[in-house]
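Structure first, commentary second.
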Amino acid sequence: MEKDAKAKSDNDLAREVRELREAMRNLQTTRGSKSLEYDDLCVQPDIDLPIGYKPPKFDLFNGVGDPHAYLRAYCDKLVGVGRNEMIRIKLFIRSLSGEALTWFTQQDLRKWRGWNDIAQDFMDQFKFNTEITPDMFYLAKLKKKPIETFREYALRWRVEAAKVQPPMSEGEMTATFIECQYNSLYYEKNNNHDGEKVHGSR
């Protein structure tokens, strides 16, 4: 009898704690604040990565570029776990930065029934990138990412330059690429020089 009474008491206490947490979560929502609960902050909080699995180093998508090409590159990185939809969803946030990360974190994760829903919304949000034809100004702003080699950057720049209208000749591409790198180095050098002046004058 005593054991039954204690078990009932423990169950009642656990139920009250759950109800209290739910009430606090509802209160936060009513006040217009964002929940800081782990279950609400984490993507797929109930999904654990396989023991010994080390997530790959993703090329981060910051909202610029072809979203479909990026999804293919992302899935290709998930060797061994890519067919597990829940892990695919859980790791996706790690592959985003900047505008793309902000967009993702502002979504209500409960509206997505699975990976296809996420991928479709992602495509709809950033498809404008593929609808804009690159121009010289765009090429000048195309900078090397910290995680890519100079060769990878040059190839990425070349792919974007090939989309410019009217088409550029190989000679024009080479000259433009060199000019962009020169201007970028000149700008960085002047910025560093100005910074040294400011610190030196203190």
Next on the checklist: Less than 6.0 angstrom separating the ring centers of Phe61 and Phe122, yes or no?
Outcome noted: yes

Next on the checklist: Looking at every heavy atom in both Met168 and Thr176, which two are closest together, and how far apart are they?
Outcome noted: CE-OG1, 3.3 Å

Checklist entry - Would one find more than 12 heavy atoms of other residues, nucleotides or ligands at under 6.0 Å from atom NZ of Lys143? => result yes

Checklist entry - Less than 4.5 Å apart, any side-chain heavy atom of Leu96 and any of Tyr74? => result no

Item to check | Lys145 NZ: over 12 foreign heavy atoms closer than 6.0 Å | outcome: yes

Item to check | Sub-4.5 Å side-chain heavy-atom contact between Leu71 and Phe92 | outcome: yes

Checklist entry - At what distance, to the nearest 0.5 angstrom, does CG of Leu91 lie from CZ of Phe58? => result 5.0 Å

Item to check | Summary of salt bridge (charged side-chain N to carboxylate O under 4.0 Å, His left out) pairs that have at least one residue in residues 167-179, sequence neighbours excluded | outcome: Arg158-Glu170

Checklist entry - Is the closest side-chain heavy-atom distance between Trp112 and Ile89 below 4.5 Å? => result no

Next on the checklist: Gln120 vs Asn116, test: side-chain hydrogen bond (donor to acceptor under 3.5 Å, both in side chains). Steps then yes/no.
Outcome noted: CA-CA 6 Å; Gln120 187 59 60; Asn116 286 345; over 6 Å; no

Checklist entry - Which pairs with one or both residues in residues 99-112 pass salt bridge (charged side-chain N to carboxylate O under 4.0 Å, His left out), sequence neighbours excluded? => result Asp108-Arg110, Lys111-Asp121

Next on the checklist: Looking at every heavy atom in both Glu148 and Tyr153, which two are closest together, and how far apart are they?
Outcome noted: OE2-CB, 3.6 Å

Checklist entry - Between Glu85 and Trp115, what is the shortest heavy-atom contact and its length? => result OE2-N, 2.7 Å

Next on the checklist: Show me the pairs that pass salt bridge (charged side-chain N to carboxylate O under 4.0 Å, His left out) and involve residues 63-79, at least two apart or across chains.
Outcome noted: none

Next on the checklist: To check you understand the geometry: which heavy-atom pair defines the closest contact between Ile147 and Leu60, and what is its length?
Outcome noted: CD1-N, 3.9 Å

Item to check | Minimum-distance pair of heavy atoms, taken over all atoms of Ala100 and Gly63 | outcome: CB-N, 3.7 Å

Next on the checklist: Please determine whether residues Met173 and Phe150 belong to a single hydrophobic cluster, defined as Ile, Leu, Val, Met, Phe, Trp and Tyr linked transitively by side-chain heavy-atom distances below 4.5 Å.
Outcome noted: yes

Checklist entry - Are any side-chain N or O atoms of Gln107 and backbone N or O atoms of Trp103, one a donor and one an acceptor, separated by less than 3.5 Å? => result yes

